[in-house]
Amino acid sequence: MKVCHYFEFESRITGGIRESVAHQRKMLDRLGIEYTTEPTLEADVFHCNLLGPRSAWYARRAARRGVPVVANTHVTAEDFGDSFRFTNALARPLRPYLEWAYGLADALVCPSEYNRGVIESYVDVPTTVISNGVDREKLAGFEGLEATYRERYDLEEPVVFLVGHVIKRKGLETFVEAARRLPDVDFAWFGPLDLSLKGRETTTLIEESPDNCTFTGYVDDIRGAYAAGDVFCFPTHEENEGIALLEAMTAGKPVVVRDIEPFEWLEDGRECVKTAADAGVDAFVEAIERLADPALRERLGANAADRSEEFALETVAGRYRSLYEEVV
């Protein structure tokens, strides 16, 4: 079997989508499935990760050639808003485009049950839930970077942290305001920080954040973030799955999240602390204060690490083989 594993705009897209594509290719390598990253219909399966205009062009022609099309549903109108400059304006017209584009596929890969529910309101195309997975090998040895990264960013335990692009949808306001309410606790957001891509509200929140709230920008070794952090605070309002969340759990970090549909699989008090879906800053401050207890952090973190094993690439990989065999 040969797969065309195409990622349109590959040189420009970063963040979770790029990580998911890297994970998929590691899984294909693990499975011994031959693939090319160049767009072509000289393959048994055309698998695209972002249904832009070029991918759609190939998908339409694949139907005529009898080549099955598989597409990942990384993007929805629901999670597109409150991300970067102009994304709110584009979110509404994005849905009809995605309804058309996803409709070109023979099978859709959804990273979570929540995402599948959203996608099934868009199109009547068979869906399969396959997690983006977590690359445990990428995090190997992270513990050894703790002192280096804490010294680099002047952080003291317990550090409340987050990893990923700094965008409003991920709960930026809650993160900043929680830091303001807890001036004796260090907060750190590890991830790209290009203010030219942010809206005015996001830029203001970053620039006016308190002294104990650090935005590191891009870090050369993301393992350092998981070494330096103690409590993964993820007040996102909308998420398809959350690779950084899975990485934090793999690193044995307790997490604080909203009780929203994407996180229904997480058990409050076992591997995380949950706030109400519409919780304000007070609830997150209370959760963080609870996790000042090292024993509680250790217990929840150990449970989180155990739970993360079901998302390991070696666990998830076989589902891609089964899907390809089914569509072929």
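All residue numbers in this chain count up from 1 along the given sequence.
Using modelled atom types, no side-chain atom of E264 and backbone atom of I260 make a donor-acceptor pair closer than 3.5 Å. A donor-acceptor pair under 3.5 Å is absent between the side-chain atoms of D44 and the main chain of V3, judged by distance alone. Remark: the backbone N or O of A277 is not paired with any side-chain donor or acceptor of D259 at under 3.5 angstrom. A distance-only check finds no donor-acceptor pair linking the side chain of W189 to the backbone of L172 [under 3.5 Å]. Under the 3.5 Å distance criterion, the side-chain polar atoms of R297 are matched with a main-chain donor or acceptor of A292. Side-chain N or O atoms of R181 include none that pairs as donor or acceptor with a backbone N or O of E177 at under 3.5 Å. When atom types are taken as modelled, the side chain of D230 and the backbone of V159 share a donor-acceptor pair closer than 3.5 angstrom. A donor-acceptor contact shorter than 3.5 Å is absent between the side chain of R319 and the backbone of I130. Using a distance-only test at 3.5 Å, with no hydrogens or angles considered, no donor-acceptor pair links the side chain of T250 to the main chain of S308. Proximity of a side-chain donor or acceptor of R307 to a complementary backbone N or O of W265 within less than 3.5 Å is detected.
Counting only heavy atoms from C-beta outward, the side chains of L155 and F187 never approach each other to under 4.5 Å. Looking at L291 and V273, their side chains come closer than 4.5 Å, going by heavy atoms from C-beta outward. The shortest side-chain heavy-atom distance between H47 and Q24 falls under the 4.5 Å cut-off. Contact of the L162 side chain with the C233 side chain is not registered, since no non-hydrogen atoms from C-beta on lie closer than 4.5 Å. Contact annotation: the side chain of I17 approaches that of F7 to within less than 4.5 Å [non-hydrogen atoms, C-beta and beyond]. E241 has its side chain within reach of F311: a pair of non-hydrogen atoms, C-beta onward, lies under 4.5 Å apart. Residues L108 and I119 form a side-chain contact, since some pair of their non-hydrogen atoms from C-beta on lies under 4.5 Å apart. Between V45 and V67, the closest side-chain pair of non-hydrogen atoms is not below 4.5 Å.
Taken to the nearest 0.5 Å, the CD1 atom of I33 stands 6.5 Å off from the OH atom of Y324. Within the model, atoms OG1 of T127 and CZ of R116 stand 4.5 Å from one another, a figure rounded to the nearest 0.5 Å. To the nearest 0.5 Å, atom CG of residue L323 and atom OG1 of residue T128 are 5.0 Å apart. Taken to the nearest 0.5 Å, the CD atom of E325 stands 15.0 Å off from the OH atom of Y320. Rounded to the nearest 0.5 Å, atoms CD (E309) and CE (M249) are 10.5 Å apart. Separating the CZ atom in F215 from the CD atom in E207 is a distance of 10.5 Å, to the nearest 0.5 Å.
Using a cutoff of 4.0 Å between basic side-chain nitrogens and carboxylate oxygens, R95 and E99 are scored as salt-bridged. Residues E247 and K253 are not paired through a salt bridge, judged by the lack of any N-O separation under 4.0 Å between the basic side chain and the carboxylate. Note on R54 versus E8: no salt bridge recorded, every NZ/NE/NH1/NH2 to OD/OE distance being 4.0 Å or above. For D278 and R258, the salt-bridge test fails: no basic side-chain N is under 4.0 Å from an acidic carboxylate O. Remark: R65 engages E42 in a salt bridge, criterion side-chain N to carboxylate O under 4.0 Å. Residues K274 and D268 are not paired through a salt bridge, judged by the lack of any N-O separation under 4.0 Å between the basic side chain and the carboxylate.
Counting non-hydrogen atoms of neighbouring residues, nucleotides and ligands closer than 6.0 angstrom, the CD atom of E156 reaches no more than 12 such neighbours. No more than 12 heavy-atom neighbours from other residues, nucleotides or ligands sit within 6.0 angstrom of CZ on R290. Around atom CD of E120, more than 12 heavy atoms belonging to other residues, nucleotides or ligands sit under 6.0 Å away. With a 6.0 Å radius and a threshold of 12 heavy atoms from other residues, nucleotides or ligands, E10 has its CD atom above the threshold. Annotation: E298, atom CD; neighbour count of heavy atoms from other residues, nucleotides and ligands within 6.0 Å does not exceed 12. Within a 6.0 Å sphere centred on CZ of R270, heavy atoms belonging to other residues, nucleotides or ligands number 12 at most.
Both cation-pi conditions hold for R152 and Y149: the charged atom is under 6.0 angstrom from the six-membered ring centre and inside a 45 degree cone around its axis.
Contact between L98 and A77 at its shortest, heavy atoms only, is CD1-N, 4.0 Å. Nearest heavy-atom pair, C48 versus V69, reported as atom, atom and distance to 0.1 Å: SG-CG1, 4.5 Å. Residue A105 comes nearest to V125 through the heavy atom pair O-CG1, 3.5 Å, listed as atom of the first residue, atom of the second, then distance. The minimum heavy-atom distance linking A43 with C4 is given by the pair CB-N, 3.7 Å.
Hydrophobic cluster membership is shared by L51 and V118, with clusters built from Ile, Leu, Val, Met, Phe, Trp and Tyr side chains linked at under 4.5 angstrom. Placement of M27 and V109 within a single hydrophobic cluster is found when ILVMFWY residues are connected by side-chain heavy-atom separations under 4.5 Å, directly or transitively. Hydrophobic cluster membership is shared by V219 and L245, with clusters built from Ile, Leu, Val, Met, Phe, Trp and Tyr side chains linked at under 4.5 angstrom. Both F190 and Y226 are part of a single hydrophobic cluster, where members link through side-chain heavy atoms under 4.5 Å apart. Side-chain heavy atoms closer than 4.5 Å link hydrophobic residues (I, L, V, M, F, W, Y) into clusters, and following such links, even through other members, never connects L104 to Y58.
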*Passes side chain to side chain contact (heavy atoms under 4.5 Å, CB included), L266 versus F263? Steps please.*
CA-CA 6 Å; L266 286 168; F263 303 142; 4.0 Å; yes
*In sequence, state the C-alpha distance, the side-chain angles, and the governing distance for L50 and I13, and then conclude on side chain to side chain contact (heavy atoms under 4.5 Å, CB included).*
CA-CA 10 Å; L50 199 64; I13 302 295; 4.1 Å; yes
*Test log, rule side chain to side chain contact (heavy atoms under 4.5 Å, CB included), inputs C213 and F175*: CA-CA 9 Å; C213 187; F175 191 84; 4.0 Å; yes
*Starting from the C-alpha separation in whole Å, work towards a yes-or-no answer on salt bridge (charged side-chain N to carboxylate O under 4.0 Å, His left out) for D186 and R150.*
CA-CA 10 Å; D186 286 334; R150 285 193 171 172; over 6 Å; no
_Between T14 and H165, does the side-chain hydrogen bond (donor to acceptor under 3.5 Å, both in side chains) criterion hold? Intermediate values first, please._
CA-CA 9 Å; T14 60; H165 279 288; 2.7 Å; yes
*Tell me, with the steps shown, if W100 and Y122 meet ring pair (Phe, Tyr, Trp, His ring centres under 6.0 Å).*
CA-CA 9 Å; W100 171 77; Y122 283 38; over 10 Å; no
*For V163 and I222, run side chain to side chain contact (heavy atoms under 4.5 Å, CB included): C-alpha distance rounded to whole Å, both residues' side-chain angles, the deciding distance at 0.1 Å, then the answer.*
CA-CA 8 Å; V163 174; I222 200 60; 3.6 Å; yes
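In this structure, a donor-acceptor pair under 3.5 Å is absent between the side chains of T202 and R169. Residues E38 and Y6 bring no donor and acceptor atom of their side chains to less than 3.5 Å of each other. Inspection of the E78 and Y114 side chains reveals no N or O donor paired with an N or O acceptor under 3.5 Å. Between the side chains of T236 and E239, at least one donor-acceptor pair of N or O atoms lies under 3.5 Å. With no hydrogens or angles considered, a side-chain donor-acceptor pair links N49 and H74 at under 3.5 Å.
Aromatic pair F232/F161: ring centres closer than 6.0 Å.
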